[in-house]
Structure formats: structure tokens, C-alpha cells
Novice: 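Structure below; questions to follow.
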Amino acid sequence: MRLPDLAKALELAARKLGAEDGFEVHLTRPQNPAHGDLATNLAMLLAGRLSQPPQEVAQALVAELDLAALSLEKAEVAGPGFINFSIRPELLREGLRQIAKEDHEYGRATSGAGRRVNVEFVSANPTGPLHVGHGRGAAIGDAIARLLACTGHDVDREFYVNDAGAQIEKLVDSIAARYLQLRGEDEPVPEGGYHGEYVAELAREVEEQLGERIGTVWGAKERELVRDHALDRLMAEQKEDLRALRIEFDTFTSERSLYDSGAIDAMLESLESKELLYRSEGAVWVATSRFGDDKDRVLVKSDGSYTYFLPDITYHRDKAARGFNTAIDIWGADHHSYVKRMQSVLEGLGHGPDFFEVVLVQLIRVERGGEEVKLSKRAGDFVTLRDLVEEVGADVTRYFFLERRPQQQMVFDLDLALERSEKNPVYKIQYALARLRSIYRRAGIEAGEIDLDVDLSPLGIQRELDVIKKLLDYPEVVEAAAGDREPHQVAGYLEGLASEVNSWYHAGNRDKSLRVLGVEPPLQSARLVLSRATEIVLRNGLELLGLDTPDRM
RNA sequence: GGCCCUGUAGCUCAGGCGGAUAGAGCAGCGGUUUCCUAAACCGAAGGUCGCAGGUUCGAGUCCUGCCAGGGCCGCCA
């Protein structure tokens, strides 16, 4: 839990002892319960500066503190010079009451107030169905957006539709080949084209719906008709898959629209006016190497066409123009080399290093029975995100993607994902929530009816205090996870809390005096508040990760 | 050849800004069990933190080198 007053008091004490600026007070949660609730290494940091042994500095610091005013039970100097603080249980109990009263607001913060953030993720080429790898980026992007919103940021979720360029043309070529095959012509799918069954399906649709209009000879008009049809269909499919994962976007920006609006040509002029462009070997280059990139990059090829980089620059510049303070992109690790060049050109255009961020998401490997599931279409195996969600459900899919650091290559264990027991961490957390809610049901009361203004002093056994301390950590966890763009910190916290809660709950199975219900009325009332606060934190955390919050399992 | 990610228990992974005895889940081992939800619980065990140096009062954490796995180095997207 946070004790801003203690940090401030320590800083004052340090100054009193003669420490100048340039030190920071860090309070940490010791792993060893014998080391109290909070600890600081401040004395060790100051020892050299004050030329005194750390233990003596620690003693002097403690002497400056008014423990009672800080709601501390004691402050002990230990080990090489740590100061260990024990919090008075009353402070914990009042904190608990606050949690229950704040309800849905508990864990929300205002640190991001006034900041507009654009989170761009998925942005898959609209040339086929989403695969499992897209799912990880989708889950992480969505969770980061939720974290930022929870900490007060004004968040927009955005999907960049690459509906221009060579890949789309290849898709049209592939559909054309299938289409002509349907008409009895011997036309192979071109090299580098798309071979999936969905391409043949699209060709059939084109034949049925547009066959009259486009015949067998495809010019620009016909291609455009087919392209529009394919884009509509494939984007609709992708959106549906994402919706099944509980992901919705606020904005879809089309690459094509950047061409149509003239924004890309304007971008070239803008770069020119900033003297970032030059011609060489018949192409137009942008001097990204001036801003840290390995080398300069081509924007206009020698044949006059544009590289992908140019619209992408235009697009990111547009995010700034739309008023976002920060643009966070979630990219697959295979795009890693692209980060530097984008940062470089944005810096060249005058955007500070804080404007553009990339979260790189590593590739995943799917295993079943200890064997890798190949991402090829085979009977019984799946390849698409849709197949995965249908097999294990949205909760498990999301959680498994969110419980690991984004930059960690991960194994998606299908056997564990399909496990419907507490071996599966998602169920463990949801189970803890359901158990608490079952207590209210058993007592015949609604959660909202629990009296929060009762005397909490009956709460005092260690197991209860441990749960309370854990609950009071939640806001810090949310802030840290949002700041680091790491949803897995929340997942790890919830798993730990669920363990603690289940252990607390099960103690009541062995010893009836440890139960919530059926003990002395004052104790029962106090424990109902504990149950309620715990349920609130579990629920808020699950919602923050976009997971279901079941009343019963 | 260069760049990025990763290397921690048998397996999958956590380990704020350097801090005290390195944690969790799964598997394995021993025990308990009809409960306010047993779709379990309790307990013990399990470690050269890839290797070697360095910085520091103190290194899983910072620096250097090396090894291993993955990814990327295009006028593709």
C-alpha cells in the first residue's frame, strides 16, 4: 500500500540529518514477513554521503519520525541498515473500508488526466483471416488501452487498414485466378499469391454477385470491384473474430484514404521543406540516419511508386495532427527493424521521443500434448484465431496472452487452456470471485446491502491482515502496469490474490471459527466487509483485463 | 557480418529504481477430505539465476566478452 506521508517524512528526516538533494526515498514490500510491512534502504544510500555507518544513519532517521502520527506500529533498524516499518492494523482496516466504499472506483487513477493516447493494434493486412499471432497483439493492445483508460487517459483504439499496396493486389490476382478457374480456364494462382480456401470462396462470391458485370477480362474497373468486395468481406470477418475476443475499435483508418486525400503527397512536400529528402539512384530517400537509423530509407522507388514507409509516415503524422499526445503501436517482433526508422523520421519532423512508442510482441508457439501445433492447415489442427477462441473460449485466450510479458516468446499450452479446474489460472481467479459471491447468496443478502460502517476491529488474525495488505496493493499495480504497458503485471497480481483468497476461504472449511458466516455477529459483519472488498478487487482486476466475472462456476 | 528479444526448479513463467533466506503454477512426492462451491485442500522437496570477468558495502537485476534459442537486416508489406 501507499504511504505518501511516510515517504515525505523520511525525506524530511534525511534533510534534517544533512542530506542534500539528489536522493530518492524508496519504500518496498519485504518478502520476509519478519521484516515488517514496508522497508526502505534510505540509510544505506545516505551512509556514504553523510560518512556515517548505515546503521547509525538508520537510527537517526527513525529518531526523527513521529510513528504514531504516521500510523506506524514500529520502525526497526535491521540487517546492513534497512529500516523496517510495521503498519498499525487500524490503518489497514480503514483502508479496507475505503475499498468497499469506492467499489468500481477502486484502482482507478487520474494520473493520465488530460492526456490523449492512441493505441494502434492488430492492423492486420485485410488479405485473409486473423491467425493466432494476431490474437496476442490484439489482447495486449486492448488490455493496454483498458489500463490507460483506468488511469485517466483519454484512449482511442485504432486499426490501420492496409488496403493499398502490393499485398492487396496479390489478393486480387489470386481471386482472379480462382475466378477464371471457375469459368473453366486454366489459370494458376500467381507466385506469392494467397492459396487459402477463403480465396476460392471469395472467387465464388464474386462469380455469383458480380460475374455478370465483370466477365473474363479484368481491367482496372473490374479489379476495383473485386478489391472492394474482398476488403468488405475480409474486414467484416476480422472484426467478428475480434468481437469474439471482446475487442472493439474506435477508429479504422484506411491507407487508401491517405492516397485519395492527397495527404501522402503533402507529406512528401513537408519532408522536402524540412530538407530531409534527396534523390539517388533514381529514387527519393529520406535521411533517417541523421536521427539514429542505420541507413536512409527509400520513399519513392525509381519506378515512381511509393514504398510502404511513406504512407506509414503520413499515417503516424496524422495521429499527431488529430491531437494525440502519445501514439502507442503494438507490433509483431518481426517488425522490429522498423521501429528505429519510424522513430527517426518522426523525430526529424519535430516530434519528441515521448510521442511514439512501440510495444513489440513476440511470436507464439502452440502446443498440444507437448507437441507443437503447426500453423498449417491440417485436419484437427487449427490455424486461425477464430478456431482458437472457439476451442478454448475468450477468457482463456485473453488471459493466456496477457499473463506473459509481451517481449517474452511464449508457449500456448492447449491442454492447460482446456483444463477447467484451478490448475488453469483463469478459473482459479474466477473461482475465488465466485466463492465470495456464494457467501452472500448463502447469507441471503445482496452485495450492495452489506453494511460497510461496522466495527472492523474484530479483523485481526494474520491471514485476514495478509489479504487486506494485498488488496491495498492493487492501485499501485494498476499504475505500474499502465506506465510500463505491461498487462501481465495485473494478471500476476490477480493470481497471487486468488491464491491468498482461496487459502483464506479454505481455512474456514477446516476450522468453522474462521468462516465468514456463522461466527459471532460483530465478527461476521466485519468479515463480510472483507469479503466484499476482496470481491471488488478481483472483479475490478478481471474487468481491467477484459475477463468475465462469473457469479458461479 | 550487424541489430533486437530470450536464457531463472523436470516443464511454463514471475522477479519496480541493485538490497535481507530467488518466487508462482503445472508435473512428481507425502498426507487430508463431503465443504460459507471439492471443478479440492495441507505439507515437504526441488536452483551453479546460460558461462566468464567487472562495478558495488551488496548483482538474477548494472557493464564487458562469450555460448545457446528465436526474430530481423529489401527501391516487400
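Only a predicted model underlies this, so the values are computations on that prediction, with no experimental measurement involved. Scope of the values below: all heavy atoms of this structure, side chains included, with no hydrogens, waters or symmetry mates. The sequence lines fix the lettering, A, B, ..., with proteins before strands; numbering per chain opens at 1.
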Novice: Please work out if A:Gly508 contacts a base, only the sugar-phosphate, or nothing of the nucleic acid, heavy-atom cut-off 4.0 Å.
Specialist: base

Novice: Contact class for A:Arg552 (heavy atom, under 4.0 Å): base, sugar-phosphate, or nothing?
Specialist: base

Novice: So that I can tick it off, tell me whether A:Arg227 and A:Asp163 are bridged by a salt bridge, with the cut-off set at under 4.0 angstrom between side-chain N and carboxylate O.
Specialist: no

Novice: Please classify the nucleic acid contact of A:Ala39 as base, sugar-phosphate, or nothing, using heavy-atom distances under 4.0 Å.
Specialist: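 If one applies the 4.0 Å heavy-atom cut-off, A:Ala39 turns out to touch a base.
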
Novice: Return the value, rounded to whole Å, for the distance between atom CG of A:Leu494 and atom P of B:A24.
Specialist: 18 Å

Novice: Counting distance alone, no hydrogens or angles: does the base of B:U37 have a donor or acceptor under 3.5 Å from a partner atom on the side chain of A:Tyr505?
Specialist: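 No, the side chain and the base share no sub-3.5 Å donor-acceptor pair.
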
Novice: Given that A:Glu24 and A:Arg437 both sit by RNA chain B, which one's nearest nucleotide is further toward the 5' end?
Specialist: A:Glu24

Novice: What pattern of brackets, bars and dots sums up RNA chain B from 5' to 3', given Watson-Crick or G-U wobble pairs under 3.5 Å, [ ] for crossing pairs and | for another strand?
Specialist: (((((((..((((.....[...))))..((((.......))))......(((((..]....))))))))))))....

Novice: Could you give the CE-to-C1' distance, from A:Met410 to B:G25, as a whole number of Å?
Specialist: 14 Å

Novice: For A:Val366, which of A:Val411, A:Asp413, A:Val132 qualifies under side-chain contact (heavy atoms from CB on, under 4.5 Å)?
Specialist: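 Among A:Val411, A:Asp413, A:Val132, the one that satisfies the side-chain contact (heavy atoms from CB on, under 4.5 Å) with A:Val366 is A:Val132.
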
Novice: What do you reckon, do A:His35 and the base of B:A20 stack, with centroid distance below 5.5 Å and planes below 30°?
Specialist: yes

Novice: Below 4.0 angstrom, N of the basic side chain to O of the carboxylate: do A:Arg256 and A:Asp260 qualify?
Specialist: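 Salt bridge: no.
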
Novice: Would you call A:Asp37 and A:Lys469 a salt bridge, using N to O less than 4.0 angstrom?
Specialist: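 Yes, charged N to carboxylate O under 4.0 Å.
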
Novice: Any base atoms under 4.0 Å from A:Val411, or only sugar-phosphate, or nothing? Heavy atoms, all strands.
Specialist: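 Here A:Val411 touches the backbone only, sparing every base.
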
Novice: Any salt bridge linking A:Lys8 with A:Glu11? Criterion: basic side-chain nitrogen under 4.0 Å from a carboxylate oxygen.
Specialist: no

Novice: What does the B/S/- profile of nucleotides 70-77 of chain B look like, 5' to 3', with a 4.0 Å heavy-atom cutoff to protein?
Specialist: -BS-SBSB

Novice: Hey, can you tell me if A:Trp285 and A:Tyr278 have their rings parallel, tilted or perpendicular (30° and 60° cut-offs)?
Specialist: parallel

Novice: Would you state whether a donor and an acceptor, one from the side chain of A:Asn32 and one from the base of B:U21, lie under 3.5 Å apart?
Specialist: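 Under the 3.5 Å cut-off, the side chain and the base do form a donor-acceptor pair.
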
Novice: Is any side-chain nitrogen or oxygen of A:Arg404 closer than 4.0 Å to OP1 or OP2 of B:A14?
Specialist: no

Novice: Using a strict 4.0 Å threshold on nitrogen-to-oxygen distance, state whether A:Lys319 and A:Asp329 make a salt bridge.
Specialist: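 Salt bridge flag = yes for A:Asp329 with A:Lys319.
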
Novice: Is there a side-chain contact between A:Tyr194 and A:Lys170, using heavy atoms and a 4.5 Å cut-off?
Specialist: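 Heavy-atom side-chain distance check passes, below 4.5 Å.
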
Novice: Can you tell me whether the base of B:G16 sits syn or anti, using the 90° cut around 0 to define syn?
Specialist: syn

Novice: With a cut-off of less than 4.0 Å, is there a side-chain N or O of A:Arg442 near OP1 or OP2 of B:U37?
Specialist: yes

Novice: Base, sugar-phosphate or nothing for A:Ser531? Non-hydrogen atoms, less than 4.0 Å.
Specialist: nothing

Novice: Is the base of B:G19 stacked against the aromatic ring of A:Phe82, taking ring centres under 5.5 Å apart and planes under 30° as the test?
Specialist: no

Novice: So that I can tick it off, tell me whether A:Asp415 and A:Arg368 are bridged by a salt bridge, with the cut-off set at under 4.0 angstrom between side-chain N and carboxylate O.
Specialist: no

Novice: Any salt bridge linking A:Glu535 with A:Arg437? Criterion: basic side-chain nitrogen under 4.0 Å from a carboxylate oxygen.
Specialist: yes

Novice: Pick base, sugar-phosphate or nothing for A:Asp551, based on heavy-atom distances below 4.0 Å to the nucleic acid.
Specialist: base

